There are 2 protein chains.
Amino acid sequence: MPAGPMPTGGRPARIGFLLSQLGAHATELFADQTRGLGITPSEAGVVRIIGRSPGISQRELSDTLGSVQSRVVALIDRLEGAGLVTRTRSSADRRIQELRLTESGVSVLRSLRYAAEAQEAAIVDGLTPEQAAELFGLLSKLSSLRGLDAEVHVGYRDASR
Amino acid sequence: MPAGPMPTGGRPARIGFLLSQLGAHATELFADQTRGLGITPSEAGVVRIIGRSPGISQRELSDTLGSVQSRVVALIDRLEGAGLVTRTRSSADRRIQELRLTESGVSVLRSLRYAAEAQEAAIVDGLTPEQAAELFGLLSKLSSLRGLDAEVHVGYRDASR
DNA sequence: CTGCATGATTCACTAGGTGAATAATTACAG
DNA sequence: CTGTAATTATTCACCTAGTGAATCATGCAG
């Protein structure tokens with residue numbers, strides 16, 4: 001790992017800068033989409049996870065999100081109140097709340113796919129298909145290099161302690 | 001602007017996803033760097049702006065940041081308390097507080113350049129110089145397409161209302 | 001001088017998130 | 001079987017960052 005005073009080969013140090021800016025922009029675009037569905041991006045992530053793993057416990061969900069259990073309680077309180085998610089005590093282990101999407105939840109999940117496509121279209125608008133493919137390849141490589149292949153769309157976890 | 005059910009040419013809709021993730025990652029890396037200097041990324045942005053425009057007023061700063069004046073008061077309170085910034089009433093217009101970096105502030109600003117380079121090195125680590133240059137070109141293009149060429153490193157503004 | 005505009009500040013409030021303590025339940029050693 | 005430890009969900013106090021309204025001092029046009 002290079003560590004000298006100019007490790008970026010003479011190029012100004014701006015990829016990180018651009019990634020921060022464009023990442024925030026992409027997050028905002030996605031938030032615009034989810035706002036129309038009455039949920040936040042974090043809640044959208046929760047809906048997707050529950051849709052993929054019906055019956056998941058809050059504990060498992062907090063692990064998947066990289067969040068803490070108390071945060072999950074608040075998220076599920078909100079989604080349950082909005083009628084998108086149900087809590088059911090597991091009959092096998094009564095400590096566990098099994099999480100499932102309601103019919104409305106499934107409907108929102110479907111809408112989220114269109115939201116993601118609208119976001120994608122807005123983001124690559126102005127790039128040629130070849131440029132978009134090239135960008136996708138480079139970002140994928142960076143993502144796998146950093147071990148960020150997770151499914152979660154929420155903020156990058158930990159690191160602030 | 002395409003709006004059909006599959007506007008991304010058969011590629012899964014993930015550039016937005018990757019940008020969000022990698023952007024959050026880049027932001028965290030930069031936060032790691034500034035944390036060592038005892039400031040937040042927002043405060044680092046303020047230090048850079050004041051360093052570039054000594055004597056700037058809080059009002060001008062809030063415009064540059066895209067923030068509100070009351071937020072700037074809190075930021076400057078913090079930086080003044082940390083001994084990095086001074087407030088001086090303008091003799092020409094006594095409503096105005098002229099902001100300047102102290103000696104420590106200048107020193108922190110210098111350190112921020114190294115922090116940005118360390119962040120950059122960490123981010124492109126694993127890419128060839130050619131790949132990094134290609135990525136830089138594509139991100140720059142996206143950034144200019146979206147009109148994001150601003151100097152500010154803080155979060156993408158507005159859009160949440 | 002009067003009245004309005006502007007810069008800074010304070011204040012109450014919100015959103016999102018963290019960590020400790022607690023209650024209910026289950027697992028398990030002896 | 002019994003008591004002790006671990007696990008799940010929940011509540012609570014707290015924190016940080018940020019917003020918008022109200023206030024105060026100052027400048028400026030007429």
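This one's a predicted model, so the numbers in the text were calculated from it and none came from an experiment. Letters go in sequence order (proteins before strands), and every chain restarts at 1.
Between the side chain of Ser57(B) and the base of dG7(C), no donor-acceptor pair of N or O atoms lies under 3.5 Å. Within 3.5 Å, no donor on the side chain of Ser67(A) pairs with an acceptor on the base of dG17(C), nor the reverse.
Per the geometry, CG belonging to Leu65(B) stands 13 Å off P belonging to dA8(C), to the nearest Å. Rounded to an integer number of Å, the gap from Asp93(A) CG to dT7(D) P is 12 Å. Atom CZ of Arg94(A) is separated from atom P of dA23(C) by 18 Å (rounded to the nearest Å). Atom CD of Glu43(A) and atom C1' of dG16(C) are 11 Å apart (whole Å). Going from atom CD of Gln58(A) over to atom P of dT8(D) covers 11 Å, rounded to whole Å. Leu75(B) places its CG atom 14 Å from the P atom of dT16(D), with the value rounded to the nearest Å. The nearest whole Å value for the distance from the CZ atom in Arg89(B) to the P atom in dA8(C) is 7 Å. Atom CG in Leu99(A) sits roughly 14 Å away from atom C1' in dT10(D) (whole-Å rounding).
The phosphate of dT18(C) (OP1 or OP2) has no side-chain N or O of Arg71(A) nearer than 4.0 angstrom. For Arg87(B) and dT9(C), the shortest distance from a side-chain N or O to OP1 or OP2 is below 4.0 Å. At the phosphate of dT11(D), neither OP1 nor OP2 sits under 4.0 Å from any side-chain N or O atom of Gln69(A).
With distances taken from any side-chain atom of Asp77(A) to the nucleotides dT10(C), dT8(D), dT11(D), the minimum falls on dT11(D). Minimum atom distance to the side chain of Arg95(A) is reached by dA6(D), of the listed dT10(D), dT10(C), dA6(D). If you check dA8(C), dG18(D), dT10(D) against the side chain of Ile96(B), the one that comes closest is dA8(C).
Under the 4.5 Å side-chain heavy-atom criterion for grouping Ile, Leu, Val, Met, Phe, Trp and Tyr, Val73(A) is not connected to Val68(A) through any hydrophobic cluster. Leu112(A) and Leu99(A) end up in the same hydrophobic cluster when Ile, Leu, Val, Met, Phe, Trp and Tyr side chains are linked at under 4.5 Å.
The distance from atom CZ of Arg89(B) to atom CG of Asp93(B), rounded to the nearest 0.5 Å, is 9.5 Å. How far OG1 of Thr40(A) is from CZ of Phe30(A): 9.5 Å, rounded to the nearest 0.5 Å.
When all heavy atoms of Gln21(A) and Ser143(B) are compared, the closest pair comes out as NE2-OG, 3.9 Å. When all heavy atoms of Leu109(A) and Gly51(A) are compared, the pair lying nearest together is CD2-CA, 3.9 Å.
Considering Leu84(B), Ile50(B), Thr86(B) in turn, Ile50(B) is the only one that fulfils the side-chain contact (heavy atoms from CB on, under 4.5 Å) rule with Leu101(B). Partner of Gln58(B) under the side-chain hydrogen bond (donor to acceptor under 3.5 Å, both in side chains) criterion, chosen from Gln69(B), Glu98(B), Gln97(B), Arg87(B): Arg87(B).
Using five terminal pairs a side, the axes of the helix from dC1(C)-dG30(D) to dG30(C)-dC1(D) at its two ends make an angle of 10°, given in steps of 10 degrees.
Between Arg59(B) and Thr40(A), it is Arg59(B) whose nearest contact on DNA chain C lies nearer the 5' terminus.
Across all strands, Ser70(A) comes closer than 4.0 Å to base atoms (heavy-atom distances).
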